[in-house]
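One structure below.
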Amino acid sequence: MKQSVKIIVGNWKMNGTTADLGEARVLLEGLADQPVDCIVGLCPPATLISAMADVFNDSPVRVGAQDCHAKPGGAHTGSLSVAMLADAGAEMVIVGHSERRAAFGETDADVAAKACAAVAGGLMPIICVGETLEQREAGRALDVVAAQIDGSVPNAIRGVSFMVAYEPVWAIGTGHTPTLDQIAEVHVCIRQRLTALYGPQGQDVAILYGGSVNPGNAVDILAVDQVGGALVGGASLKAADFLAIIRAA
Ligand code: PGA
């Protein structure tokens, strides 16, 4: 069975305080006025998960986290466990975002451990992969992404729902996007890798595209072969833009 309903997930990154929950309310009203046939998630900073989950209570919008610790608890100052995030109201969690891989030195093994912890704790992991500009220019984009899939998607995930996000590092927050052919090429490569690893389950995994998705390019990107949805950063901060992307789906 192939995924048909698109999945649009927003990532607020380190943006937003309670004052910005108004955007979540505007989003909610927009979706109530004109319901959509897609799955919507929003990942605010951890400090807002609980309040945002209250805003979206009884609505189809799911709240997620941007990261988790792989361990269930202990001496990890500043970190949050999966159980804590779920307790706050998260239903999904982004793991292995390139900003965390780059700034915190997270390896594929770290990402796989976090994804494992997420599924064990009942959160849907969104496992991020993507090449740097140097890697793309060296003709290594497909090899890099395939290796990240192999290393970041844990074996324990077999039979459990998870998502993958392809986010070329050079497209994140830059306003530059790959060509539609380039997006298709990598998504097909990821699909082949997932199918080789997990068989029929690999066909069902949603592969989201992320990196400078906006209301102007969403329709074209979401129509690309094997693109199951979008992971949206900057354009998810304003309800009007995020709604336009959701409507594109
Ligand atoms: P962007 O970020 O949409 O602002 O490029 C995407 C992401 O990092 O998930």
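In listed order, ligands and their atoms are each counted from 1.
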Contact atoms of ligand 1, heavy-atom distance to Ala171 under 4.0 Å: 5 (O)

Linked, directly or transitively: Ile190 and Val144 (ILVMFWY side chains, under 4.5 Å): no

Min heavy-atom dist Gly211 to ligand 1 below 4.0 Å: yes

Exercise: identify the closest heavy-atom pair between Ser152 and Arg101: OG-NH2, 2.9 Å

Distance-only N or O hit between ligand 1 and Gly233, under 3.5 Å: yes

For Glu167, atoms of ligand 1 separated by under 4.0 Å from a heavy atom: 6 (C), 7 (C), 8 (O), 9 (O)

Distance-only N or O hit between ligand 1 and Thr174, under 3.5 Å: no

Min N/O separation Gly234 to ligand 1 under 3.5 Å: yes

N or O pair under 3.5 Å between Gly173 and ligand 1: yes

Residue-ligand contact Cys128/ligand 1, heavy atom below 4.0 Å: no

Other residues, nucleotides, ligands: >12 heavy atoms within 6.0 Å of Arg62 CZ: no

Stepwise side chain to side chain contact (heavy atoms under 4.5 Å, CB included) test for Gln226 and Tyr166: CA-CA 11 Å; Gln226 304 300 332; Tyr166 166 56; over 6 Å; no

Ser212 heavy atom under 4.0 Å from ligand 1: yes

His97 and Glu167: CA distance, side-chain angles, deciding distance, side chain to side chain donor-acceptor pair (under 3.5 Å) verdict: CA-CA 8 Å; His97 191 284; Glu167 299 206 302; 3.2 Å; yes

Glu99 and Lys13 ion-paired at < 4.0 Å: yes

Pair Thr132-Gln135, side chain to side chain donor-acceptor pair (under 3.5 Å): steps then yes or no: CA-CA 5 Å; Thr132 63; Gln135 290 164 335; 3.2 Å; yes

CG/Asp33: more than 12 non-hydrogen atoms of other groups inside 6.0 Å: yes

His97 neighbourhood, listing ligand 1 atoms whose heavy-atom distance to it stays under 4.0 Å: 7 (C), 8 (O), 9 (O)

Identity and separation of the nearest protein heavy atom to atom 2 (O) of ligand 1: Lys13 NZ, 3.2 Å

